[in-house]
Structure formats: structure tokens, C-alpha cells
Protein chains: 2
Amino acid sequence: MKKPKTRIQLRNEAIILGASLDVFSQFGFRGSTLDQISEAAGLSKANLLYYFPSKEAIHAALLAQLLETWIDPLKRLDPTGDPVEELLAYAHRKLDMSKRFPRESRLFANEILQGAPHINNVLQGELRDLTDQTHQVITKWVEAGAIRPVDPYHLIFTIWALTQHYADFAVQVRAIMGDQDPFESAGDYLETLLRRLLTP
Amino acid sequence: MKKPKTRIQLRNEAIILGASLDVFSQFGFRGSTLDQISEAAGLSKANLLYYFPSKEAIHAALLAQLLETWIDPLKRLDPTGDPVEELLAYAHRKLDMSKRFPRESRLFANEILQGAPHINNVLQGELRDLTDQTHQVITKWVEAGAIRPVDPYHLIFTIWALTQHYADFAVQVRAIMGDQDPFESAGDYLETLLRRLLTP
DNA sequence: CGTTGTTTTGACCAGTTGGTCAAACTACGA
DNA sequence: TCGTAGTTTGACCAACTGGTCAAAACAACG
């Protein structure tokens, strides 16, 4: 039933998604135009619409691709592992994502800033559930005295906010730190922060 | 030379700035339209352009107004005060700003996400200078043993990222915390975090 | 080579965009 | 009350927007 994809199809779809990630992550959905994307992709506008039925469809494909990998690091937090080390590892995974996929991070930030019109269901569904589970795990760790008392929600927000800050506010970070690579030192800092906060 | 402003002028300019803050903070400059703003303001589009010469001008007025108050909390950090208490007070001021001016926070976030095209000079000028001064102050505090060793830049980013997160990612925070008011508990959490991180 | 399916394009469309303008309307002090 | 400065509007414009379409160009394969 489903036709296999041509080499050209595969290549051009990848080109389009890459180019549109550049544009959407900077200007958001409404602020981006197909002309911008087509120029970034080096394809005619009509050609874009041969591979994707609409602007919405490109954006949706991008978000779907993003969400797959975005929530993953949290899933890999092991409730049976050493609490401090598990949380540290999670923070490092998130920081690594910000370093490797800053555009994806900004795409997500843009979507949230605009009120998450396309992913509200994910926020209130999958993400909420996963966060609730993590909340329970952390609560138990606190009760067991494995980490110092801390509000689990705010702890999670701390990790999210800090790690994503280096991607989302990269321009500001660069303006202040100059040529230094923020990610170089951020890993150590994050480790220090969390150890001091959590180690009993 | 400069004509005094009418009551009507004052009122309508305020209305326009308020409405455009709603719109710009959600969709960014490019994603916002004068039609949206005029509807939000309850004024005709032509009337908007009687008070402001262009869309750019409205946005510029908004940013100028924002920057005045945005950097202020950092200026009030007292190098001669008690280090931990000073940093704590700064963090609380910032959190308070996020609570009271979430739209302004999102306007700023949008501007940074888009590469700060309108305020790059401020970032690399005033903000950079101010941050450098603060960096020196914190460094001296560390050297004096008044606070535990910590990278000053990342410490500042921590305060920025965390406090602004509650405004910029409000939709996500709400999706996860439900009806709880995040700001209720965020103050205490922030205090705990910074004390554990900084207190020698 | 010719045929068939895939890819690319330029011309085109209707709706939206930021912005202009002259005319109409309103506030208000003399 | 009148005159004038300040205010509001609807009609209008050119550029841009997302999207369509038929025709042309290309690739692949026997």
C-alpha cells in the first residue's frame, strides 16, 4: 500500500526539515514564511509544497520529530539507581541535548511561549504523567533520606530551566561570556550545584 | 518645542502599548500583526498608526520601556552587603518581576530567541558591563570565603534561567503543577537552593 | 530508444500585511 | 458660539502570504 520513498524524496525531505528548523526555531510558526524556508532550503516554494502539503504540515513534522527525543532523557531516570547520581546523569543528558540540538530547544521554547497551541495535549498528557512519576520517585528519595528535602517539581524545573537556558538564550550567554564556550564549564557547574543542593 | 500630551493621547498610547505587549509577547515581532493589536486595543488600525508611526515603533517603545526596568534589579545588588543575603535578595527581586510582569519577560525571551536583532547593542553594552561588574563582586566574595566557590557567570545564569522560567514557560509549568500557584513555593525553593549552593 | 512515473517550475490566485490619505468628526478654550 | 487643534475613520494601495495548477523537465527502466 505505502509506496517506498525515492532517494530524492528522502534527501529533499531532510533538506526541507533542516531548513525549516532553522527558520521556525528562530521566528516561531507565525513569524516564519514559506519563502524564508524555501530560500534556506534552496528549493522553490512550489517544490516545498510538493513534499509537504502545507506550512502546518512541515511544522507538525518538526514537532513530532522533536517530541520523540525531547522527553526521552527523563524516561531513562532509574528509580532504583543512586539518587544523586541519577539526577546528575539526567541533568547531564539534558545539557548535552541543549548543546547538540539548540535549534530544537528553541523550537520548543517558541512553541511554549506562544501558548503551546500544537502540543498542549502532550504537555497535559504524556509529559504530565511522566513528570508525576518522577515527582513520586524524588519524593521517595527524600523520604528515605537519600537526598536532602527539596520540592520535586521545582527541582525538575531547575534542571530544565538551566540546561535549556544555554540553548534558548545563547545570544545573551554569548554576549556576556564572550568567546568562552559556555558548555565547557556548564557541566561542572551543574554538577556542583546539584551536589550541594541534594547531597545529604 | 515639545508639545504637551493630551489626556486622550496618554490614554490611547497606554492602551496601545498594553495591547501590543499582549500580542508581541506571545507571537514575537514578526508573528504579530497590526490587526491583532488593533483588535486587542479596541482601536482601528488607522488609529494605531496615528499614535505610532509604524509597527516597528510600537515594538521599539515596548522594548525601551522594558529594558529600563529589566536590568534594574541587578543594579541594586550591593557589593558591601552580606553576600548570601544580597544574592538571595536579587533572586527574589527577579522572581518578583517574573510574577508581576510575565508578559514583559516573554517579550524579552522572544527577542532573544530571534537573535536579539533590536537589542544586541544593549546586550553587548550595558548588560555586559553590568554583568562584568557583578562577576567581579562575586569573585571577590568567593576569594574572601564569604560564599563557597562557584562560577559567577553560571550563578547569574542560574538566577536568570530559574526565575524567568516561571514566566516564559508558564504554560508548561501550569500543565505540570496544575492549579498550584508556582510562585507560592518558588520563593522558598529558590532560597533553599541558593543557601545550599552558597553558604560556606 | 521510448514510455512511464517522478520531480521541478513559473504563472497565477485570493486573502493578508503594513501603511497612506483625505475627509469627517470631536474636544475645548476664547 | 465659533474656530481650531486634535482625533477617528473607511477607502485604498503595493507588497507579501500560503497555496494551486498545468506544463515542462527529468529519471529510470525495459
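Because the structure is predicted, anything quoted here is derived from the model rather than measured. Convention: sequence-line order gives letters A, B, ...; per-chain numbering from 1.
With sequence neighbours excluded, no residue forms a side-chain hydrogen bond (donor to acceptor under 3.5 Å, both in side chains) with B:Trp70.
The nearest pair of heavy atoms linking B:Ala41 to B:Ile15 is O-CG2, 3.5 Å.
Nucleic acid contact class of A:Tyr51 (heavy atoms, under 4.0 Å, all strands): sugar-phosphate only.
The nearest whole Å value for the distance from the OH atom in A:Tyr50 to the P atom in D:dA23 is 17 Å. Taking atom CG of residue B:Leu43 and atom P of nucleotide D:dT7, one finds them 12 Å apart after rounding to whole Å. As a whole-Å value, the separation of B:Ile16 CD1 from D:dT7 P is 11 Å. Rounded to whole angstrom, the span from the CD1 atom of A:Ile15 across to the P atom of C:dT7 amounts to 13 Å.
Distances shown here put every side-chain N or O of A:Asn12 at or beyond 4.0 Å from the OP1 or OP2 atom of C:dT6. At the phosphate of D:dT8, neither OP1 nor OP2 sits under 4.0 Å from any side-chain N or O atom of B:Ser44. Close to D:dG6, at under 4.0 Å from its OP1 or OP2, lies no side-chain N or O of B:Gln9.
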Task: Residue pair B:His118, B:Glu56: steps toward the side-chain contact (heavy atoms from CB on, under 4.5 Å) verdict - done: CA-CA 10 Å; B:His118 305 97; B:Glu56 281 257 358; 4.0 Å; yes
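Between A:Trp160 and A:Phe157, the ring-plane angle classifies as tilted under the 30° and 60° cut-offs.
Note on A:Glu111 versus A:Arg106: no salt bridge recorded, every NZ/NE/NH1/NH2 to OD/OE distance being 4.0 Å or above. A salt bridge does not link B:Glu191 with B:Arg196: none of the charged nitrogens is closer than 4.0 Å to a carboxylate oxygen.
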Would you tabulate the pairs of protein nitrogen or oxygen atoms and nucleotide nitrogen or oxygen atoms of nucleotides 24-29 of chain C closer than 3.5 angstrom?
unit_1	atom_1	unit_2	atom_2	d
C:dC28	OP1	B:Arg7	NH1	3.2
C:dC28	OP1	B:Arg7	NH2	2.5

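The local environment of CD in A:Glu39 is sparse, with at most 12 non-hydrogen atoms from other residues, nucleotides or ligands closer than 6.0 Å. Within 6.0 Å of atom CD in A:Glu85, more than 12 heavy atoms from other residues, nucleotides or ligands are found, so the atom counts as buried in its surroundings.
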Open item on the list: One character per nucleotide, please: for nucleotides 12-21 of chain D, 5' to 3', B when the base has a protein heavy atom closer than 4.0 Å, S when only the sugar-phosphate does, - otherwise.
Closed with: -----SBBBB
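A cation-pi arrangement is absent between B:Lys99 and B:Tyr166 under the rule of less than 6.0 angstrom and at most 45 degrees off the ring axis.
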